[in-house]
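Quick notes on the structure that follows.
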Amino acid sequence: METNELQRILEAYDAKLDSSIQLNKEALKRIQLEKSEKKTRIILIYRGIELLFFGIVVLFLGNYVVSHWSHTHLAISGSIVGVFALIALTGSIGQVALLQQIDFSKPLVDIRKKIELVNSHNLLFIKLIFLSAPIWWAYALVALDVFLGFDLYPHLDQDFVLRYLVFNAVIIVPVSWLFNKLSYKNMHIDWVRKTIGFLSGTKTGKAMEFLNEIEEFEH
Amino acid sequence: MPLSKKDSFIKLIDEHKKIIYKIVNSYCPNHADRKDLEQEIMIQLWSAFDSYNTDYKYSTWMYRIALNVAISFYRKEKKWSLKSDYYNEESIFIYGENNLERELESDQNLKLLQQFINDLKELDKALMLLYLDRKKHEEIAEILGISKTNVATKIGRIKIKLKKEFEKNTDYGNK
């Protein structure tokens, strides 16, 4: 199809539209435009609650580490869990910032990317769970101490502790590799797509696929 | 007498109604949902009307909002919509006595072109609609947020695809 031919088709199309459609002004007036003030998006409320929750957790863990400074194993465990809570808090702050920037009158690619980054937020938690695998013991020690007032560490056999430390050190490499693989840039890899879809739901999977499409479109 | 805000808005929509029609037609394959998309676009345009940036043309502003709404609608992202409870059953368009749908259906080239657009991915579809509306590469780049060179490259690729599609489906290639 040559450009001239395309132009001819388009002119015919526009002529048909010109002669066939009119704006239904009365219907437009009845849409109650005045009453359509921007409702606070539910998603912003969710992310706000999430931000507040992780903020409290980070403050609590900071206080926990300071007050258990003399018990090295609890202070280290508290610090490790605190770092993860801090990552989650940073993620929530980022989400709120993204939501504030979403304005439909801005360029399409930029806004679509921000929307899909919000839609794929669940993946951060999945990745944090993966990344927590080698240091699961930190969660266990802190949780038992906080909720049951029981310090497990002195009751553990030192050989058992050593074996687990070695095992967990070994799995750091594959877990970090997996952490990096679970990204929208790898959605073309079948197992990555399926894993993301399975662990974080179809919506997150679709958002990641669209992020990948946006990236391709930009370049 | 100066026009009220609402009258100015309606006048503006009237001048650019074909933009809305084409976007709704391309992003909403289900006829029954088209009224909802038309109204969601109107609501979003109205809510952004006060903050319209005069540095841009009205059509640029309108295309950005309408395309963003249409893509969210197409992807069924209801959380990005505004007041869906204010939707009513009417279309914002009045169709003339000549049946537009039937007329468009009977034009083989138009039908093929519409089908081609419908089958494109969301962002390519936006690019194609802008190109077919004879927008300059610069304005397309401004609406989409990509470089002018990228616009030119993508349009070139889509045109090749379109040519092949027409050759495959019509006897155009033999002429």
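The structure presented is a predicted model; accordingly, all values stated were derived computationally and were not measured. Just so we're on the same page: letters track the sequence lines, and every chain starts at 1.
Interface residue K106(A): only backbone heavy atoms are found under 4.5 Å from chain B. Heavy-atom distances place no part of L45(B) under 4.5 Å from chain A, backbone and side chain included.
Listed by chain and residue number, nothing satisfies the salt bridge (charged side-chain N to carboxylate O under 4.0 Å, His left out) test with D124(B) (two or more places apart in sequence, or in another chain).
Contact residues of residues 126-135 of chain B toward chain A are A126(B), L127(B), Y131(B), L132(B), R134(B) (heavy-atom distance under 4.5 Å). Residues of residues 212-219 of chain A that come within less than 4.5 angstrom of chain B, heavy atom to heavy atom, are E213(A), I214(A), E216(A), F217(A), E218(A), H219(A) in numerical order. Applying a 4.5 Å heavy-atom cutoff, the residues of residues 140-153 of chain B that approach chain A are E142(B), I143(B), L144(B), G145(B), I146(B), N150(B).
Annotation: F125(A), atom CZ; neighbour count of heavy atoms from other residues, nucleotides and ligands within 6.0 Å is above 12. Within a 6.0 Å radius of NZ in K185(A), no more than 12 heavy atoms belonging to other residues, nucleotides or ligands are found.
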From CA spacing to verdict: side-chain contact (heavy atoms from CB on, under 4.5 Å), F210(A), R75(B): CA-CA 10 Å; F210(A) 196 39; R75(B) 298 179 66 78; 3.2 Å; yes
Candidate pair D14(A) and K22(B), rule salt bridge (charged side-chain N to carboxylate O under 4.0 Å, His left out), full reasoning: CA-CA 10 Å; D14(A) 275 348; K22(B) 287 175 187 172; 2.9 Å; yes
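Side-chain atoms of S91(B) and N24(A), non-hydrogen and from C-beta on, never get closer than 4.5 Å to each other. Under the 4.5 Å side-chain criterion, counting only non-hydrogen atoms from C-beta, K18(B) is in contact with D18(A). A 4.5 Å side-chain heavy-atom check between L123(B) and L108(A) finds at least one atom pair inside the cut-off.
A cation-pi arrangement is not found for R64(B) relative to F104(A), the charged atom failing to lie both closer than 6.0 Å to the ring centre and inside a 45° cone about the ring normal.
Of the residues listed (I65(B), L67(B), N68(B)), the one engaging I111(A) in a side chain to side chain contact (heavy atoms under 4.5 Å, CB included) is N68(B), and it is the only one.
Closest heavy-atom contact between I115(A) and S72(B): CD1-OG, 4.3 Å.
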